[in-house]
There are 2 protein chains.
Amino acid sequence: MSSIREVSRVAGVSIATVSRALSTPEKVSKKSLRKVQEAVEKVHYRPNMMARNFRAARSHSIVVLVPNLANLHFATVIRSLEEEAHKNGYSVLLGDTGGSEERDQEYMNLVETRQADGAIQLLAHAKGAPPPPDHIAIVNACGAEDTPYACVRIDNAEASKTVVDYLISLGHRRIGVISGLKSNPHSIDRLKGYTQALSNAGIPFDANIVVEGDFTIASGLNAANHFAAMKNRPTALFCMNDEMAIAAIQGLRNHDIKIPEEMSITGFDDIEFSRISDPPLTTVSQPAKEIGKVAMRTLLKKINGEGIAQETIVLPHELIVRKSTALAQKQKG
Amino acid sequence: MSSIREVSRVAGVSIATVSRALSTPEKVSKKSLRKVQEAVEKVHYRPNMMARNFRAARSHSIVVLVPNLANLHFATVIRSLEEEAHKNGYSVLLGDTGGSEERDQEYMNLVETRQADGAIQLLAHAKGAPPPPDHIAIVNACGAEDTPYACVRIDNAEASKTVVDYLISLGHRRIGVISGLKSNPHSIDRLKGYTQALSNAGIPFDANIVVEGDFTIASGLNAANHFAAMKNRPTALFCMNDEMAIAAIQGLRNHDIKIPEEMSITGFDDIEFSRISDPPLTTVSQPAKEIGKVAMRTLLKKINGEGIAQETIVLPHELIVRKSTALAQKQKG
DNA sequence: CTGAAAGCGCTTACAG
DNA sequence: CTGAAAGCGCTTACAG
């Protein structure tokens, strides 16, 4: 409650001197400094950051847009994002959009109305999306190919191809997919890697074994039921994230389908649960922490008007082979 | 960039009229209103919320302190918290403390320096902790008993007792524990329920089978190894959250211990993964969304100076019986 | 219904 | 080194 004015009164100096004592103590005499410090103590002065930020025209906040905070990959990226922000004196405003375009807009308004200095989006934009207005600092963490935004991501297509190549190397030829929403740019990029791997191996694409999920456990379970009921079932499943993959394992097991003996399953992200699923999940890891750190640094640079070397930064992924995949059975017909 | 001043210039009215047209249009003539609206369009005016908030002495932000965003129970509470905040025109500032006292302090400073109007803590305070200063609006979601803060929570002791009672009803007499950090108030409350259930059943407490974890998957795995190596192993394990329980299941299985045949396992929270662990986890559910919603509402009331009916709100828990628990084997010695 | 003015809490040229 | 003053963008009594 007490302002700089009260401090000045108690210290017997002007508010200008108080301000200087607080922010640039070297510009103030020892004596004034001491008087101010004592007064600050006495009146329990705490600076009003709203005033400070307002005057500096810097909110020192970043809004982070995420479709689903309860997705462990995103949660991990955000932790790292937040840590990096904190180190640089910034706070993060959480914007869980639940996948809604409208919410996304509302949160972007925070930066338009200067409640935030910039934004980081953890969702990928549709390919045709218009680039953000110039006055808005924004970076896309976990983005997709061809996004018109500055972007920090892995090569989703390549990563997917790596996993599917691995399945093919195990002898699988009929490889199903549990994808995210088909309109989701991540789904599109990852499907691209899948079809590439297939075509390289001369395996025809079969749309019937690509089932749409939405990156949630529930959708993985649904998809599993669908595959279980299929007559000509795939021998392997490429799942576009770990949540759906782990759900699929359990969903399939509910139908007495053995993993990996009867079906190999792969995930995407390498969340911690993948280590302790049964069987442990073969997946491709994303450097979630690194993505968060680099994305925040990139955004902060943008905000501070420092040039950014590259608009798109692609970080390495890694195939993690565990026990949910096995050689295709030599069963015929 | 354009301020209310530019709008006033373009519209040919005073800034007071512009301000009124924007916030209380009924106090302005139709003609002025139209002129202002046109000018707003023309100069792409967006209000500067930093100025607005500063003047109103309301940041319209809430800081949410959480020890670990990547904990699924917390993530779920936060989503709900945030949704409720959003509905009321508030934003949430994320404060992931990683369990550090220091970080906690730093984030609480946001409210002291008026970058936030209040705080919600998802961690429980130590019993002896001093109550928060009066001028700070704060509520504890997921708190512990006897916290000196306004608090929305389940009855942790009772919920724990319910689970352990259930294990006892299955014939288990040697029931191990994987706890959180022993200093953590949740651990304390939950251990209380455990010992109560034991003593009600006339089972002596054995400190050797209470192993300390920290609510993470890694610590669950460690604890599992510890139990696996034990000569006189418990027949059941009460784990203080689901992450540790699911990790324990897998950790134990790595030692060829069958769940639930050789050991029953229970969790706490009922995160979504509990449905798809193998076997699905018997646990006690917390109404995470409800906790978040009620906590935010309570805080907002506090901020607006509306009286709060009760300082502590206890929400119901529920025992969820799945397949990770079974009758104790009639094995002797 | 309207405008001129004060003021929210700070910082920073400017003059001394 | 110090203080008086202006100003950041808004809102709101106050007078008309």
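Here is how names work: the chains are called A, B, and so on, in the same order as the sequence lines, proteins then strands, and each is numbered from 1. Predicted model, so just to flag it, every value in this text is computed and none were measured.
- Pairs of residues two or more places apart, or lying in two chains, that qualify as salt bridge (charged side-chain N to carboxylate O under 4.0 Å, His left out) and include a residue from residues 19-38 of chain A are A:R34-A:E38.
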Q: Go along nucleotides 10-16 of chain D 5' to 3' and tag each nucleotide: B for a protein heavy atom under 4.0 Å from its base, S when only backbone or sugar atoms are that close, - otherwise.
A: BBBB---
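- Using a 30° and 60° split on the angle between ring planes, B:Y107 and A:H86 fall in the tilted class, from 30° to 60°.
- What separates NZ of A:K27 from C1' of D:dG3 is a distance of 15 Å, to the nearest Å.
- Shown here are the salt bridge (charged side-chain N to carboxylate O under 4.0 Å, His left out) partners of B:D96, two or more places apart in sequence or in another chain: A:R79.
- For A:R297, the salt bridge (charged side-chain N to carboxylate O under 4.0 Å, His left out) partners are A:E84, not counting sequence neighbours.
- The phosphate of C:dG3 (OP1 or OP2) has a side-chain N or O of B:S14 nearer than 4.0 angstrom.
- By the 30° and 60° cut-offs, the orientation of the rings of B:Y90 relative to B:H60 is tilted.
- To the nearest whole angstrom, the two C1' atoms, one in D:dT12 and one in D:dG16, are 16 Å apart.
- The separation between A:K35 atom NZ and D:dC1 atom P is 14 Å, rounded to whole Å.
- The 5' end of DNA chain C is approached more closely, in terms of each residue's nearest nucleotide, by B:E26 than by the other of B:F54 and B:E26.
- Ion pairing between B:K293 and B:E82 fails under the 4.0 Å rule for side-chain N and carboxylate O.
- Between A:N140 and A:L123, the shortest heavy-atom contact is OD1-O, 3.2 Å.
- Side-chain N/O atoms of B:S32 include none lying less than 4.0 angstrom from OP1 or OP2 on C:dC1.
- Helical stems involving DNA chain D, defined as 3 or more consecutive Watson-Crick or G-U pairs under 3.5 Å, span C:1-3 with D:14-16, C:5-12 with D:5-12, C:14-16 with D:1-3.
- Of the inter-residue distances, the one linking B:M49 atom CE with A:M50 atom CE reads 9.0 Å to the nearest 0.5 angstrom.
- Going from the P atom of D:dC1 to that of D:dA5 covers 23 Å, rounded to whole Å.
- For the pair B:R9 CZ and C:dG3 P, the interatomic distance rounds to 15 Å; values are reported in whole Å.
- Sorted by first and then second residue, the salt bridge (charged side-chain N to carboxylate O under 4.0 Å, His left out) pairs involving residues 59-73 of chain A (not counting sequence neighbours) form an empty list.
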